[in-house]
Amino acid sequence: MAVPRGTRFEVEHEAVFPDGAAVVGTVTPDMEYVSNEDKARGKQPKQKIDEQTGLLQWKVTVTDPSAEKDRDKSATVTLLCKVQPVPPPAAMAGFDFRPVVFEGLTVEARVMGEKFKYQGWVLRASDMREPKNLAPSKTASKPAGGQSEQKTAA
């Protein structure tokens, strides 16, 4: 079976992030690379536009608590939107840790790595939102005080 390069597979958020995901940092424009020579000529970088949808590309870094390997604990998700997406509010005041659910999530297979190659995935989403229920990880112990689930306003 041959799968054309660039094929994107739709996938549910829970399949990629079974223990959830959290935004760390800000949403930034995904800019085209401009070489030093082009910079010297005055060329300005432009924000990338997705070839399949025609929408602007935005990047956000998320942490994946279900990842087994250290290199997979942090992932970059490309958001395809007309305007800059706004991440959900912080889970705790003073900490830049915001649980998130990605909608319209797709994965694309890609060979990654410099010297040692490995199978990786390009993650794209159409939107992000705050989880409806912030439940503890399946592997986490029950929090003190007997509360098994933390609810947030929808």
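Residues Val100 and Phe17 form no side-chain contact, since every pair of their non-hydrogen atoms from C-beta on lies 4.5 Å or further apart. Val62 places a side-chain heavy atom less than 4.5 Å from the side chain of Phe102. Gln52 is not listed as a side-chain neighbour of Leu80, based on a closest heavy-atom distance of 4.5 Å or more. Residues Leu55 and Ile49 fail the side-chain proximity criterion, which asks for heavy atoms closer than 4.5 Å. Side-chain contact check for Lys73 versus Asp64: every heavy-atom pair is 4.5 Å or farther apart. Residues Leu105 and Glu12 fail the side-chain proximity criterion, which asks for heavy atoms closer than 4.5 Å.
Val3 and Val107 fall within the same hydrophobic cluster, where Ile, Leu, Val, Met, Phe, Trp and Tyr residues are linked whenever their side-chain heavy atoms come under 4.5 Å apart, directly or through other members. With hydrophobic clusters built from ILVMFWY side chains whose heavy atoms lie under 4.5 angstrom apart, Val11 shares a cluster with Val77. In the hydrophobic cluster analysis, where Ile, Leu, Val, Met, Phe, Trp and Tyr join through side-chain heavy atoms closer than 4.5 angstrom, Val60 is grouped apart from Val101. In this structure, Val27 is not a member of the same hydrophobic cluster as Val24, with clusters built from ILVMFWY side-chain heavy atoms closer than 4.5 Å.
Between Gly120 and Met112 the shortest heavy-atom distance is CA-CG, 3.8 Å. Taking all atoms of both residues into account, the shortest heavy-atom contact from Ser126 to Cys81 is O-SG, 3.3 Å. In terms of heavy-atom proximity, Lys59 sits nearest to Thr76 at CD-CG2, 3.4 Å. The minimum heavy-atom distance between Arg98 and Pro87, with the atom names listed, is NH1-CG, 2.9 Å. Residues Ser74 and Thr61 approach most closely at OG-CG2, 3.3 Å, considering heavy atoms.
In this structure, CE in Met31 is found 9.0 Å from CD in Gln44, a value given to the nearest 0.5 Å. For the atom pair Thr106 OG1 and Leu123 CG, the distance stands at 8.0 Å (nearest 0.5 Å). Residue Asp50 holds its CG atom at 6.0 Å from CZ of Arg124, rounded to the nearest 0.5 Å. Here Trp58 contributes atom CH2 and Thr26 contributes atom OG1; the two are 11.0 Å apart, rounded to the nearest 0.5 Å. Note that the CD atom of Glu68 and the OG atom of Ser66 stand 8.5 Å from one another [nearest 0.5 Å]. Here the straight-line distance linking atom CD of Gln57 with atom CG of Leu79 works out to 10.0 Å at 0.5 Å rounding.
Residue Gln119 qualifies as enclosed at atom CD: its count of foreign heavy atoms under 6.0 Å is above 12. Within a 6.0 Å sphere centred on CD of Glu103, other residues, nucleotides and ligands contribute more than 12 heavy atoms. By the 6.0 Å contact criterion, NZ on Lys117 is enclosed, its count of non-hydrogen atoms from other residues, nucleotides or ligands being greater than 12.
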